[in-house]
Amino acid sequence: MDSPYAIEMLHITKRFPGIIANDDITLQLKKGEIHALLGENGAGKSTLMSVLFGLYQAEEGVIKKDGKEVQIKDPNDANDLGIGMVHQHFKLVECFSVLDNIILGVEPNKAGFLQKKEAREKVLALSEKYGLAVDPDAIVENITVGMQQRTEILKMLYRDNEILIFDEPTAVLTPQEIDELMQIMKNLAKEGKSILFISHKLAEIMAVADRCTVLRKGKYIGTVETKDTTVEQLSAMMVGRNVNFHVEKKPCTPGDVILEVENMTVASKVHKNDAVKNVSFKVRGGEIVCIAGIDGNGQTELVYGLSGLEPLKSGKLTLCGKDMTHASIRKRSTSGMSHIPEDRHKHGLVLDYSLEYNMILQRYFEESFTGRVGFLKRHSIRDYADKLIDQYDVRSGQGAITTARSMSGGNQQKAIIAREIDKDPDLLIAVQPTRGLDVGAIEYIHKQLVAQRDAGKAVLLVSLELDEVMDVPDRILVMYEGEIVGELDPRTTTQEELGLYMAGAKRDEVKA
């Protein structure tokens, strides 16, 4: 009898040093369904999918395709079986064109000569069929993240993959791109493709998935039909308790001005126009101010200018009454500024350092961590790291000596937040602090931001998540094309009005 399941992963166990990432997990994917895999950061979702794609080998368990047991020793085996994967961090060659990335490894040739014309026709036909508009000649490093994702999807379709794995596909997309991706996934399922969709965004799972399997701390919790469940039930399965989706906070009482930005302009590295154009604003102690906007409207460069990663072209920056316009990064850091960066791998952590050394990156020179002769006090560093790991529930296989690279994204983020908040800053700049995190971690981080505000600190939040923009701050400043085009009160504005400002529609009204 023909199996109703495209893929079955039965009793899969995968171990790493100090941790069982997958503990006797069974997952069954029906043909033509969208099946979500839900769990907290570090629950074992990506590990399970990496086992299916051949990047890891399970110690126990079997994988079946169409009812027959198969061996998947590497990604080539997975591809031969029609299994494709879009990874959380894209696997594209940045200096190649979109077309070259799609055909890489399966280049069509006749007598050893590359036949790009046929490949181009196939790619264009696929992009037309599935609504994946891309420019095949564009160089990958010059295209948006959404376009890079479409390239990854076309890579799978070009190889005629029938089973498509999406690992956290919406973590880096704008709301509009997310809507487009959801539609693309539905179209693929209609065509008979079977989709595994890793996520911890509950609204997306409810919108697009037929069934949902929940993992918690490496163990299988259960599989449910999404039409028969609620967001609250899924979050309780995932975290093991009820989660509060609304940020609890009392009205703010702003104090003295902590950060003052006057006529700030920052040059763009990408084009001749300035990325930040003549921006002025203030952030007071005891308030959370959010910079909102669609990605790529100057928010990144604004933060680089504030934190010292980029010099100002013009303007003035004052922190606690002191001029910081030309101060070094360390001077800003020791003068009361903390920065949770947008890219945790590039600017947040040294990935091959241990967790304990990452915890003291900006404080290693202090007396408590370095002796008079300049040697590090290892016991003090270990005690400090253990305290933060415990306080902020940072989970890792080997505690303080774990290499940062081996930790899940959510726990890497928690480590950065622990380090930056523990510096007891006057100003906390938090750039997309909950990007790629699960509901439990998001709830926790929002509480930390509000606690900083209530302790009289100034918090500058930069976010692309509309729910976060509406729920967490006391004031919203909207950036569009490098300028602040509106100041909104989250208690009185609507998501629709915010969206209009973000898209630049309201600016024209103001000018008119």
Side-chain angles (χ1 to χ4, degrees), residues 5-30 33-65 69-75 77-79 81-89 91 156 161-171 185 193-202 204-205 209-224 226 234 237-240 395-397 406-411 436-438 440-441:
Y5 296 114
I7 286 288
E8 294 173 90
M9 300 184 77
L10 306 172
H11 307 293
I12 300 291
T13 296
K14 176 67 193 160
R15 298 182 183 90
F16 293 109
I19 198 162
I20 302 176
N22 294 151
D23 189 352
D24 189 26
I25 290 175
T26 291
L27 172 71
Q28 294 172 306
L29 171 68
K30 289 179 182 171
E33 80 164 337
I34 300 177
H35 193 118
L37 189 56
L38 175 68
E40 289 182 278
N41 301 110
K45 310 182 295 292
S46 293
T47 303
L48 188 67
M49 290 302 96
S50 295
V51 168
L52 178 57
F53 194 58
L55 292 167
Y56 295 143
Q57 306 302 307
E59 281 83 21
E60 293 164 31
V62 295
I63 298 174
K64 290 183 177 180
K65 179 170 188 277
E69 192 174 325
V70 292
Q71 300 294 324
I72 304 176
K73 295 188 177 65
D74 58 40
D77 287 350
N79 270 318
L81 290 165
I83 300 168
M85 184 166 180
V86 173
H87 299 265
Q88 190 173 356
H89 301 286
K91 310 274 187 200
M156 295 196 294
N161 291 147
E162 292 299 314
I163 291 130
L164 313 179
I165 306 167
F166 289 85
D167 186 0
E168 298 285 358
T170 61
M185 286 168 74
K193 308 282 186 195
S194 308
I195 296 175
L196 278 163
F197 169 42
I198 304 179
S199 183
H200 42 232
K201 293 187 177 175
L202 298 165
E204 289 169 10
I205 286 174
D210 301 304
R211 292 192 303 150
C212 178
T213 292
V214 183
L215 305 184
R216 186 162 79 234
K217 294 186 181 173
K219 287 184 161 52
Y220 173 80
I221 301 299
T223 300
V224 293
T226 46
L234 282 179
M237 282 176 77
M238 170 169 136
V239 185
R395 297 177 196 170
S396 59
S406 68
M407 292 163 56
S408 74
N411 285 298
L437 300 192
D438 60 68

[X] side, atom [atom1]; [Y] side, atom [atom2] - distance, nearest 0.5 Å:
X      : Y      : atom1 : atom2 : value
Thr213 : Ile198 : OG1   : CD1   : 11.5 Å
Leu81  : Asn161 : CG    : CG    : 10.0 Å
Thr26  : His11  : OG1   : NE2   : 4.5 Å
Lys73  : Gln57  : NZ    : CD    : 7.5 Å
Ile19  : Lys217 : CD1   : NZ    : 10.5 Å
Glu162 : Ile83  : CD    : CD1   : 11.0 Å

For residues [X] and [Y], report the shortest heavy-atom separation together with the two atoms involved.
X      : Y      : result
Tyr220 : Ile25  : N-CG1, 4.1 Å
Lys193 : Leu164 : CB-CD1, 4.2 Å
Met237 : Arg216 : O-NH1, 2.5 Å
Phe166 : Ile195 : CD1-CG2, 3.6 Å
Leu234 : Cys212 : CD2-SG, 4.1 Å
Met49  : Leu196 : SD-CD1, 3.8 Å

Just by distance, do the side chain of [X] and the backbone of [Y] share a donor-acceptor pair under 3.5 Å?
X      : Y     : result
Thr13  : Asp23 : no
Lys14  : Ile20 : no
Ser50  : Tyr56 : no
Asp210 : Ile34 : yes
Ser194 : Glu33 : no
Glu59  : Arg15 : yes

Check whether any side-chain heavy atom of Leu38 lies under 4.5 Å from a side-chain heavy atom of Leu202, and answer yes or no. yes
Below 4.5 Å, heavy atoms only, C-beta onward: do Leu52 and Leu27 meet side chain to side chain?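 Not touching, per the 4.5 Å side-chain cut-off.
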Stepwise side-chain contact (heavy atoms from CB on, under 4.5 Å) test for Ile12 and Ile63: CA-CA 8 Å; Ile12 300 291; Ile63 298 174; 4.2 Å; yes
Assess whether side-chain contact (heavy atoms from CB on, under 4.5 Å) is satisfied between Asp77 and Gln71, documenting all intermediate values. CA-CA 8 Å; Asp77 287 350; Gln71 300 294 324; 5.7 Å; no
Would Lys64 and Leu10 satisfy side-chain contact (heavy atoms from CB on, under 4.5 Å), going step by step from the backbone distance to the final call? CA-CA 8 Å; Lys64 290 183 177 180; Leu10 306 172; 4.1 Å; yes
Give a yes-or-no answer on whether the side chains of Thr47 and Asn22 include a donor-acceptor pair shorter than 3.5 Å.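 Side-chain D/A pair, Thr47 to Asn22: absent.
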Would His35 and Thr223 count as a side-chain contact (heavy atoms from CB on, under 4.5 Å) here? Give the steps. CA-CA 10 Å; His35 193 118; Thr223 300; 4.0 Å; yes
